[in-house]
Amino acid sequence: MQQMIRADIDALVAGIADGTRLAIPANYAGVAMAATAALIRRGVRDLHLVCVPTSGLQADMLIGAGAVASVESSAVTLDEFGTGPRFVEAVRRGSIRLMDATCPAIHAALQAAQKGLPFMPLRGIIGSDLLNHRSDWKVIDNPFAEGEPIVLLPAIAPDVALFHAPLADREGNVWIGRRRELLTMAQASARTLVSVERIQEESLLDDERWAAGTLPALYVEGIAEVRKGAWPVGLWDSYGADGRVLAAYARAARSDEGFAAFMTDFLESGAPAEAAE
Amino acid sequence: MQQMIRADIDALVAGIADGTRLAIPANYAGVAMAATAALIRRGVRDLHLVCVPTSGLQADMLIGAGAVASVESSAVTLDEFGTGPRFVEAVRRGSIRLMDATCPAIHAALQAAQKGLPFMPLRGIIGSDLLNHRSDWKVIDNPFAEGEPIVLLPAIAPDVALFHAPLADREGNVWIGRRRELLTMAQASARTLVSVERIQEESLLDDERWAAGTLPALYVEGIAEVRKGAWPVGLWDSYGADGRVLAAYARAARSDEGFAAFMTDFLESGAPAEAAE
Amino acid sequence: MTPCNERELLISVIAGLLDGCRHVAVGASSPVPGSAALLARHRTHGRLRVSILRSLRNNFFTNGGVELFDCAAQGRIDAFFLSGGQIDGAGNINLVGTGGYPQSEVRWSGSFGSAYLYFLVPRVILFREEHTRRVLVDKVDFISAPGTSPPNVPRRGGPYALVTNLALFEFDRARGRFALRSIHPGHGLEEVLDNTGFAFDRPEQVPPTPVPDEATLALLRGPIREEIAETYPEFAARAFAA
Amino acid sequence: MTPCNERELLISVIAGLLDGCRHVAVGASSPVPGSAALLARHRTHGRLRVSILRSLRNNFFTNGGVELFDCAAQGRIDAFFLSGGQIDGAGNINLVGTGGYPQSEVRWSGSFGSAYLYFLVPRVILFREEHTRRVLVDKVDFISAPGTSPPNVPRRGGPYALVTNLALFEFDRARGRFALRSIHPGHGLEEVLDNTGFAFDRPEQVPPTPVPDEATLALLRGPIREEIAETYPEFAARAFAA
């Protein structure tokens, strides 16, 4: 068994090179914000974000930090705090390549990669302007029903999947609970890096209840333990979003200067006060 | 919330009419054998079995009892006790329609129905004689790679999924653990009937550990409690297969008379001695 | 009892559109539709199933983010809610932005699942409180999801009604147009016409939207307020009259 | 130490074919391949990952029956084992039956995952103890899975070797033929030729299959016997010499 546990969050993200096609989960599914801060501190560049199927603070900060070349997503949203302001600004300036999608299309394209398929079909979409701007999506005649069009989506196979979860064990198994899209992300990606709240000694596979919600170590390359690693985004079954910080970001990030000032504080503090041990 | 809990196993299978397209799981995934005995006692006819992705004693008994019109399966096997003897005999006589498949093709075709898709692509298969005998499977040129053939499988949407699980709750949620094909079966099927070892009062969705391995009540039409309901097949995480009974079946079922004699005993006893309360 | 406020009216209007449904799903950031679905559930004595995404107590999904979409594709979701930065008279919705694409002048979050669910959920209820010509336009700048489709495109879902702070419209799929069904108390036809950027059908006499009865108001201010507070505590604190 | 028995030899031969693998999966009813994979894991000090289906202790899959196939499709399985009621000289395998289809005179269980895994797992090791002209035929009656494919068919997997109770063959994918690599001690070339129904390549001198050394035998009779007993208790009790 290889050594899974990384010394710290910087060591975890060391393997995310410039130009990586990076899969990240939605706000509700376990966002690796401490890892994102580490990536921004390191000055990563030219990321191709695959948001599964949307993103929020994570994508917006990476865009604002100039780390992003393209974004494939169904939305960039800070939920009740609105659309990601740095995303809006980057769109206006034309400084990122947009691959606007719809949620089930991203799920389906990752499932194609998970199954080693060149493509997956999907209902709907026809007549949406999304299709006009996605030259990689094709419409064919359904071979099982003459004259009936259907969309085919090419597989999305990210280089790295990066997310945050509540729990892992020393063998490298990660508890993902009901968040099955994390399994799809991990299996579709060449490599998977995970930050977790806690690493336990007992194997998650020893108890069938834990096992049912576990991403096996087979798909995991590295794990780092970071308390409150999703902050200020929330973590399912663990803690809610920090609305105060998100609201402050949404206000500040409307301007270049406001964003820069916010990020200086954010990258220095790194973690929420209450998470300090 | 509708009333999910059925009075007994006969009430559970009352909804499985002659001619039903019935999805059943493999030997290792939770086979509803008590329900199968109830179906045979009732004299069900013309079933179209969809084995996910194989079957054993269950399909073989139903075939021997004359309840089966067609079998879509990747194998009919009693594991170390060999191929299902009634299946072999029915093949020799030509008394059932065969739809020989390969395991991932059945998984994929059910996933198509789960996703409301007309078809799913699958790698492999090309050059296998399976393809020559499956006029419902198509080979197309991969629209994303010129001159490269790929198989398309039409969706399998069963009328009823029937399986056995260790645990359910009064709301109708069923614990399926790591056996995720049961979720696919249930979502792909119009209706799902489940026998369980035990029904508990507390909701399985109240604890995130249980929830991660739970098939929600939304997909379940009826549940009946039957102790040792998979016997003589085993149930994961609960009890092993009864090798003595399976060996006796494999011997007896080689002849019509032996099968008839075995079934008389089996249908009368209904459940293993040690399961009697 | 204190008279019904605007939010309570909207909740009651939407609940009325859910009659006969077996399963209603409610997306993120949707407190009014969520409250309406819970009200409809109360009226069916719990038979109506309500899935509120992000809720713990009212979320029965266990298969990750894809389950909502699979469930809709299986025909197991009867009603869902969508909104739009722009909504046009043909039922097209725009969640992407205005002023060009990809370099939009005004950019919104994105299309989410609209381009899929609009095809698969029989009753999609469009809900947007702001009723202005900025929102309700003749033609959207970007079609996130189209209101109707040619007959060869498989589609069982689509717009069913449009609810704003002024009025209730129903969508006529055969004609591909909205029809004004009722105008909320305190508002008039001129106001609706002035503030709607698209043409729509209407009866000679447009009736007022019925206000919720006392029993409904008691439900809203009691159990519904409590239930929605799990997912939307701030909304529950201020949306309902005392 | 007691000399090696036939099963121990087969386990040792198969373990040798797993050199350099990162992840080996073993299907149902495969105690010899399972023991071989566990032996290979011991030799890598645990770095080789072994997934034994139906085992609890050596089964890391949590996504149901589809995971083996998805995992193979992702390129995360380096070796797998298949067998055949018939195996022919072109590497085709038949798990369905003989004497016509669908009304076969002799019918076996079915093709299982062979028609898929044979295309996707780089090293598929064919294992069948019975070495007779009944099994090793010139041309199978039914191709469950083909040994080779035309160049336009995407395929990274296929037959790698064939192990029987008489000999070890390797498969040459470019030529689409087996080559005899070694003959097990106690058997001879004439016996192999007499009992093989297909033509194959062979060196002028066919070497004997090396018998496992004492260290290997000690591993087999100690830890491997114990580990395989979890899944195959009866096999563990009788397969190994004292």
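Note on naming: letters A, B, ... go to the chains in the order of the sequence lines (proteins, then strands), and numbering restarts at 1 for each one.
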Find the N and O donor-acceptor pairs between chain D and chain B that sit under 3.5 Å apart.
| residue | atom | partner | partner atom | Å |
| --- | --- | --- | --- | --- |
| D:N59 | O | B:R178 | NH1 | 3.3 |
| D:F61 | O | B:R178 | NH1 | 2.8 |
| D:G64 | N | B:R178 | O | 3.0 |
| D:G65 | N | B:E181 | OE1 | 3.2 |
| D:G65 | N | B:E181 | OE2 | 3.2 |
| D:Y101 | OH | B:D100 | OD2 | 2.7 |
| D:Q103 | NE2 | B:R92 | O | 3.1 |
| D:R107 | NH1 | B:D100 | OD2 | 2.7 |
| D:R107 | NH2 | B:D100 | OD1 | 2.8 |
| D:R107 | NH2 | B:D100 | OD2 | 3.3 |
| D:S109 | N | B:T83 | OG1 | 3.1 |
| D:S109 | O | B:V76 | N | 3.0 |
| D:S109 | OG | B:T83 | OG1 | 2.8 |
| D:S111 | N | B:S74 | O | 3.0 |
| D:F112 | N | B:S74 | O | 2.8 |
| D:F112 | O | B:T102 | OG1 | 2.6 |
| D:F112 | O | B:C103 | N | 3.1 |
| D:A115 | O | B:I125 | N | 2.9 |
| D:I143 | N | B:D129 | OD2 | 2.8 |
| D:I143 | O | B:S128 | OG | 3.3 |
| D:I143 | O | B:D129 | N | 2.7 |
| D:S144 | O | B:S128 | OG | 2.8 |
| D:N152 | ND2 | B:G147 | O | 3.1 |

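For the set D:G64, D:G110, D:G97, D:P151, the entry with the most heavy-atom pairs within less than 4.5 Å of chain B is D:G64. With chain D as the partner, the residue from B:G124, B:A26, B:A108, B:P104 showing the most heavy-atom pairs under 4.5 Å is B:P104. Between chain D and the options B:G84, B:A75, B:G94, heavy-atom pairs under 4.5 Å are most frequent for B:A75. Of the listed residues B:L122, B:L182, B:L183, B:V151, the one with more heavy-atom pairs under 4.5 angstrom with chain D than any other is B:L122.
Taking both residues in full, the closest heavy atoms of B:P149 and D:P154 are given as O-CD, 4.1 Å, listed atom of the first, atom of the second, then distance. Taking each heavy atom of D:A115 and B:L130 in turn, the nearest pair found is CB-CD1, 3.9 Å.
At a 4.5 Å heavy-atom cutoff, B:A90 makes no contact with chain D through either its backbone or its side chain.
Residue D:R134 qualifies as open at atom CZ: its count of foreign heavy atoms under 6.0 Å is 12 or below.
Not counting sequence neighbours, the partners of D:F171 by the ring pair (Phe, Tyr, Trp, His ring centres under 6.0 Å) test are D:F178.
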